[in-house]
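Remarks on the structure that follows.
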Amino acid sequence: MAKSAELESQVAARIASDMKKVGARVIDQQQFQTLLFDDFKERYEARSRIWIEDQYLKHLNAREIKAIAEYARSDEGRDLLEMTQPIEQKSPENVAAFFDGPGRPIADIIPELKAAAEAFLQEQHLLMTEYLSLGRVADIAEMPHVVAFEDESMRAVAVEKMRALDNGVDYQSAFQPN
């Protein structure tokens, strides 16, 4: 999960950089990142696991699920099935080996899975919107032990503006892997 931590760090750094535009400076980057993401990763991964389990149970039998689970525990499987990178960016050899082997039943239901995945990704986008909102940044900007202002009298003004613009800034796009 080092890649998700790296993404969180990049998003937090981008938001911290943007705060400079209102005369704010993040003085505790780690605390800022922790407050910004809170339990996001755990909730995101839990929702992902539930969705995957639901799809497996809906479309696969016990033998097929066991074969995929065994593959997922292998080094190749962990690398391929890690969700921090689209499958198109994975090793073509590993992708082919999976879909010619334990992933064959999944290959047969790709159209159904794509439709279900689109709906699921919309749900996950709502979760990202909840965490990566200007309102949440405003909450953190109110914390003087995390965010300092060049002119302390501007803290309340900046926080008020951030709340007024809540969700007008799309930090979710920064969370997408390159």
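In what follows, residues are counted from 1 in the order of the sequence shown. Only heavy atoms go into these numbers, but all of them, side chains included; no hydrogens, no water, no symmetry mates. Computed from a predicted model, the values in this text were never measured in an experiment.
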From [atom1] ([X]) to [atom2] ([Y]), nearest 0.5 Å:
X	Y	atom1	atom2	value
Tyr44	Phe37	OH	CZ	12.0 Å
Trp51	Leu113	CH2	CG	5.5 Å
Ser91	Asp79	OG	CG	8.0 Å
Lys161	Leu134	NZ	CG	12.5 Å
Ser9	Leu36	OG	CG	11.0 Å
Glu45	Ile50	CD	CD1	12.0 Å

| What's the verdict on salt bridge (charged side-chain N to carboxylate O under 4.0 Å, His left out) for Arg136 and Asp139, showing C-alpha distance, side-chain angles and the deciding distance? | CA-CA 5 Å; Arg136 190 173 187 96; Asp139 290 344; over 6 Å; no
Can you find a pair of side-chain heavy atoms, one from [X] and one from [Y], that are under 4.5 Å apart?
X	Y	value
Arg47	Gln124	yes
Glu8	Lys41	yes
Asp28	Gln30	yes
Val147	Arg25	no
Ser48	Phe120	yes
Glu64	Ile106	no
Met154	Glu150	no
Arg104	Phe98	no

| query | Looking only at heavy atoms, what is the nearest atom pair of Met19 and Ala141, with distance? | reply |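 That would be CE-CB, 3.8 Å.
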| Closest approach of Pro102 to Pro105 (non-hydrogen atoms, all atoms of both residues) |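 Residues Pro102 and Pro105, closest heavy atoms: O-CD, 3.3 Å.
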| request: Give a yes or no on whether the backbone of Phe40 and the side-chain of Asp38 come within a donor-acceptor separation of less than 3.5 Å. | output: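 Between the backbone of Phe40 and the side chain of Asp38 there is no qualifying donor-acceptor contact (under 3.5 Å).
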Tabulate below the donor-acceptor pairs under 3.5 Å that side-chain atoms of residues 65-77 make, not counting sequence neighbours, or state none.
| residue | atom | partner | partner atom | Å |
| --- | --- | --- | --- | --- |
| Ser74 | OG | Tyr71 | O | 2.6 |
| Ser74 | OG | Gly77 | N | 3.0 |
| Asp75 | OD1 | Arg78 | NH2 | 2.4 |

| request: Using the test side chain to side chain contact (heavy atoms under 4.5 Å, CB included), find all partners of Ala138 that sit at least two apart in sequence or belong to another chain. | output: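 Here the qualifying residues are Val159, Met162, Arg163.
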| Just wondering, more than 12 heavy atoms not from Glu152 lying within 6.0 Å of its CD? |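 More than 12 heavy atoms, drawn from other residues, nucleotides or ligands, come within 6.0 Å of this atom.
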| query | When you look at CD of Glu142, are more than 12 heavy atoms from neighbouring residues, nucleotides or ligands closer to it than 6.0 Å? | reply |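 Counting other residues, nucleotides and ligands, CD of Glu142 exceeds 12 neighbours.
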| Between Phe32 and Ile27, is there a shared hydrophobic cluster once you connect ILVMFWY residues whose side-chain heavy atoms come closer than 4.5 Å? |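 No.
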| field | Basic-acidic side-chain contact under 4.0 Å: Asp54, Lys58 | value |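 Looking at Asp54 and Lys58, the cut-off is not met.
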